[in-house]
Peer 1: 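Following this message is one structure expressed as structure tokens.
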Number of protein chains: 2
Amino acid sequence: MSTEKKWVTASDVARLAGVSRSAVSRAFTPGASVAPETRRRVEEAARELGYQVNILARSMNKGRSNFVGLVTAGFSNAFRNQLIGPLTHQLARQGLIPLLVNAEDSYQQAPGLRDLMSYHVAGIIMTSGAPPLSLAQEYVARSIPVVIINRDTDLPGTDVVYSDNVDGARQAARWLQQRGCQRPAFIGEQPANFSTRQRRDAFCQALTNATCIDVNGSDYHAGFNAVAQLQTCTDIDGVFCATDTLALGLRDALSQHPSLSSLPLVGFDDIPEAGYAARQLTTLRQDVERLAGEAVSLLIQRMEDDQRPPVKKVVPVQLIARR
Amino acid sequence: MSTEKKWVTASDVARLAGVSRSAVSRAFTPGASVAPETRRRVEEAARELGYQVNILARSMNKGRSNFVGLVTAGFSNAFRNQLIGPLTHQLARQGLIPLLVNAEDSYQQAPGLRDLMSYHVAGIIMTSGAPPLSLAQEYVARSIPVVIINRDTDLPGTDVVYSDNVDGARQAARWLQQRGCQRPAFIGEQPANFSTRQRRDAFCQALTNATCIDVNGSDYHAGFNAVAQLQTCTDIDGVFCATDTLALGLRDALSQHPSLSSLPLVGFDDIPEAGYAARQLTTLRQDVERLAGEAVSLLIQRMEDDQRPPVKKVVPVQLIARR
DNA sequence: AATTGTAAGCGCTTACAATT
DNA sequence: AATTGTAAGCGCTTACAATT
């Protein structure tokens with residue numbers, strides 16, 4: 001109906017319930033001082049009219065919103081997508097709601113990220129990938145909590161949470177050794193992001209004779225094409241890939257070379273495809289639930305005390321041995 | 001700094017620029033009546049203080065926000081994820097920003113979707129999948145524009161945009177015929193969603209001798225397990241799968257049966273994996289850019305006129321013949 | 001005619017005083 | 001002591017009247 005008034009306000013409810021505007025407000029404010037009978041009448045009137053508190057007005061009043069900027073870098077990274085669900089869920093549990101910003105989208109890039117400020121977000125969660133950390137500083141300068149996932153930084157006032165790449169790399173090394181690997185290789189994108197760097201360094205430290213192969217991408221094709229570089233190195237008999245996606249690309253390329261088709265491979269992330277019946281890729285599973293849980297928890301804690309020292313939370317990973 | 005005031009307001013800017021509060025407001029309102037020199041002074045002061053309009057306050061005032069509820073059903077569907085980027089982009093171009101709600105998340109389900117209303121969203125975009133349409137009605141009742149993607153409905157006041165499943169299915173049929181297919185089969189989830197139903201019906205109409213195989217899921221494993229049912233039907237020599245994910249699962253299962261390993265297969269969606277070197281799945285590509293563009297455009301149009309008759313936009317699909 | 005400031009209002013919350 | 005209403009304020013926009 002276009003005849004209906006678009007929004008029901010607290011005044012409408014107050015009128016119907018025969019109470020004051022502020023009584024309505026109190027009835028919807030947990031812990032406020034309001035008689036049970038009054039609350040009942042208000043709730044009844046609200047139900048009848050279909051009233052819901054205008055969160056925009058409430059936010060303006062309280063000087064703090066329920067919005068959390070969820071900054072991601074595109075939606076083509078399978079692992080990062082796996083993170084969005086749990087993050088949204090954990091935020092919802094805290095009464096927060098994500099405002100989605102794609103930092104990879106040039107249109108949104110700088111302006112979009114900065115605009116987030118005009119929404120007076122209660123905090124920002126940045127998933128790995130693009131976002132320029134300089135912008136994070138602008139938020140910190142206004143004491144808006146910033147949590148960064150899978151990327152390290154020593155920005156003051158910024159909390160970080162990331163998977164235990166070092167332990168993961170060591171587990172990968174051990175697993176390859178158990179499979180009799182003598183000449184291991186590591187494949188990762190160059191320039192390396194935080195995760196890739198940690199994984200590579202820890203792997204090369206565990207297996208000092210490891211060969212490092214740099215590829216110039218992080219997608220399937222980069223992994224697929226890595227086979228050429230792999231072949232120039234003699235006797236490689238086991239590979240640790242920085243991500244599952246790279247590993248799966250490499251695996252497909254290897255399958256065309258009879259001599260290499262059963263090369264032991266370890267990935268990282270445990271994206272869905274790694275578990276496919278025809279894939280059965282051994283990998284290090286990132287605990288997305290826990291990454292999301294810790295991220296939101298750190299955000300909440302910093303909302304309550306923006307002076308607390310920066311925290312770095314390392315979340316364990318698990319080796320999923322498949323084949 | 002915790003000593004800094006958290007937010008700079010228009011009054012702060014007005015004071016520094018030596019103008020009134022409303023002059024500042026005008027300087028930030030496109031098309032408002034303000035002298036060039038005044039605007040300049042205001043902009044300078046704003047830059048100096050790092051002022052940004054408080055969008056919450058503005059929204060409250062105008063009675064309309066920049067928020068658009070982006071309702072999705074989880075983040076495990078590769079195709080649906082492909083849609084989020086372009087949607088976010090198109091919204092950003094219009095000065096709108098998505099509030100993410102996961103309808104698959106039981107915690108958010110009913111309350112979350114309804115809560116969206118308290119954010120006074122300017123509109124809602126529902127991607128295919130879970131969301132109960134009953135909730136859409138609540139929005140329509142308040143003249144909040146609702147656009148539904150890849151799902152048909154005759155809810156009054158609701159616009160829909162979907163891919164041309166019928167034409168896609170016909171193209172799939174033709175392609176299979178060209179490959180010499182005599183006994184075609186269709187595989188899709190049962191109960192079927194809108195897309196699956198349209199694809200199945202159009203396919204069976206084009207190829208009247210087609211066998212329909214129902215599977216009880218829409219993921220890789222459902223496709224993988226479908227091979228058992230396929231084998232009970234004799235002489236199937238070509239399959240159209242409702243989605244790429246099903247097709248890829250089926251393909252992997254087929255590869256273990258020498259007699260079936262080269263069965264012609266057609267999928268739908270063109271998810272990234274379909275294009276992998278080792279996959280090369282023939283499929284019908286959904287035009288995500290255009291789906292997103294049309295969705296946002298319909299949303300905008302209905303914001304401007306909530307009385308316009310419901311529109312159904314059908315977006316062409318393209319056969320990507322691979323192998 | 002173009003530009004400006006004043007004042008009211010958007011829908012809420014909350015300190016405070018008044019009432020029970 | 002518990003509960004209530006009044007009134008001011010959150011940060012904006014905008015009709016209107018006043019000024020140039």
Side-chain angles (χ1 to χ4, degrees), chain A residues 5-43 45-46 49-67 95 115 117-122 142 144, chain B residues 5-43 45-46 49-67 95 115 117-122 142 144:
Chain A
K5 230 182 73 178
K6 200 155 181 174
W7 304 110
V8 180
T9 74
S11 303
D12 299 324
V13 177
R15 204 174 309 119
L16 180 62
V19 298
S20 72
R21 239 157 132 339
S22 57
V24 177
S25 189
R26 288 190 190 101
F28 283 95
T29 306
S33 159
V34 56
E37 167 61 10
T38 308
R39 157 160 282 139
R40 205 195 52 71
R41 292 227 310 278
V42 170
E43 280 171 353
L49 298 174
Y51 170 75
Q52 294 190 238
V53 177
N54 179 338
I55 301 215
L56 270 38
R58 170 180 281 178
S59 300
M60 229 194 55
N61 235 283
K62 301 215 174 193
R64 201 229 241 187
S65 76
N66 304 310
F67 300 118
D115 285 354
M117 230 174 295
S118 17
Y119 291 100
H120 285 212
V121 292
R142 310 223 175 173
I144 299 173
Chain B
K5 230 182 73 178
K6 199 155 181 176
W7 304 112
V8 180
T9 75
S11 303
D12 299 325
V13 177
R15 204 174 309 120
L16 180 62
V19 298
S20 74
R21 239 157 132 340
S22 56
V24 176
S25 189
R26 288 193 189 98
F28 283 96
T29 306
S33 158
V34 56
E37 167 61 10
T38 307
R39 158 161 280 140
R40 205 195 51 71
R41 292 227 310 278
V42 169
E43 280 170 353
L49 298 174
Y51 170 73
Q52 293 190 237
V53 177
N54 179 338
I55 300 216
L56 269 38
R58 169 181 283 178
S59 301
M60 230 194 55
N61 234 282
K62 302 216 173 191
R64 201 227 240 189
S65 76
N66 303 311
F67 300 118
D115 285 355
M117 230 174 295
S118 20
Y119 290 100
H120 285 212
V121 291
R142 311 222 174 174
I144 299 173

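Predicted, not measured: the structure shown is a model, and the values here were computed from it. All chains are named by letter (A, B, ...) in the order of the sequence lines, taking the proteins before the strands, and each is independently numbered beginning at 1.
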Peer 1: Just how far is it from atom CZ of R15(A) to atom CZ of R21(A), taken to the nearest 0.5 Å?
Peer 2: 10.0 Å
Peer 1: Which part of the nucleic acid does Y51(A) contact within heavy-atom distance under 4.0 Å: base, sugar-phosphate only, or nothing?
Peer 2: sugar-phosphate
Peer 1: Could you report the tightest heavy-atom contact between S65(B) and S59(B), atom names first, then the distance?
Peer 2: CA-OG, 3.6 Å
Peer 1: Roughly, in whole Å, what's the span from CZ in R41(A) to P in dT3(D)?
Peer 2: 14 Å
Peer 1: One thing to verify: whether R40(B) and E43(B) come together as a salt bridge, which I'm taking to mean a side-chain N less than 4.0 angstrom from a carboxylate O.
Peer 2: no
Peer 1: By nearest atom, which of the nucleotides dT4(D), dA7(D), dC12(D) is closest to the A10(B) side chain?
Peer 2: dC12(D)
Peer 1: Could you check which nucleotide pairs with dG9(D) in any of the strands shown, counting Watson-Crick or G-U wobble with both distances under 3.5 Å?
Peer 2: dC12(C)
Peer 1: Between Y119(A) and dG11(D), does any side-chain N or O lie under 4.0 Å from OP1 or OP2?
Peer 2: no
Peer 1: When you get a sec, tell me which of dT3(D), dT14(D), dT6(D) is the closest nucleotide to the side chain of S33(A)?
Peer 2: dT3(D)
Peer 1: When you match V53(A) and A23(B) each to their closest nucleotide on DNA chain C, which lands nearer the 5' end?
Peer 2: A23(B)
Peer 1: Counting only non-hydrogen atoms, which of residues 13-21 of chain A are less than 4.0 Å from DNA chain C?
Peer 2: R21(A)
Peer 1: Between dT14(C), dG11(C), dT3(C), spot the one nearest the side chain of T9(A), thanks.
Peer 2: dG11(C)
Peer 1: Could you check how far CE of M60(A) sits from P of dC12(C), rounded to whole Å?
Peer 2: 11 Å
Peer 1: Taking atom P of dG9(D) as reference, at what distance in whole Å does atom CG of L56(B) sit?
Peer 2: 21 Å
Peer 1: Base, sugar-phosphate, or nothing: which does V34(A) touch, judged by heavy atoms less than 4.0 Å apart?
Peer 2: sugar-phosphate
Peer 1: Can you check the N61(A) CG to dC10(C) C1' distance for me, whole Å?
Peer 2: 12 Å
Peer 1: Check the distance between dA2(C)'s P and R26(B)'s CZ and give it to me in whole angstrom.
Peer 2: 15 Å
Peer 1: How long is the gap from OG on S22(B) to CZ on R26(B), to the nearest 0.5 Å?
Peer 2: 4.0 Å
Peer 1: Which whole-number value in Å describes the distance from R58(B) CZ to dT14(D) P?
Peer 2: 9 Å
Peer 1: Paired with dA17(D): which nucleotide, if any, by Watson-Crick or G-U wobble criteria at under 3.5 Å for both distances?
Peer 2: dT4(C)
Peer 1: Grab the CZ-P distance between F28(B) and dG11(D) for me, whole Å please.
Peer 2: 16 Å
Peer 1: Starting from the C-alpha separation in whole Å, work towards a yes-or-no answer on side chain to side chain contact (heavy atoms under 4.5 Å, CB included) for N54(B) and T9(B).
Peer 2: CA-CA 8 Å; N54(B) 179 338; T9(B) 75; over 6 Å; no
Peer 1: To the nearest 0.5 angstrom, please state how far the OH atom of Y51(A) sits from the CE atom of M117(B).
Peer 2: 14.0 Å
Peer 1: Identify the two heavy atoms, one from I55(B) and one from N66(B), that lie closest to each other, and give their separation to 0.1 Å.
Peer 2: CG2-ND2, 3.0 Å
Peer 1: From the options dG5(D), dG11(C), dG5(C), select the nucleotide whose nearest atom is closest to the side chain of A57(A).
Peer 2: dG11(C)
Peer 1: Could you check how far CG of L49(A) sits from P of dG11(C), rounded to whole Å?
Peer 2: 14 Å
Peer 1: Would you name the heavy atoms of L56(B) and H120(A) that are closest together and state the gap between them?
Peer 2: CD2-CB, 4.3 Å
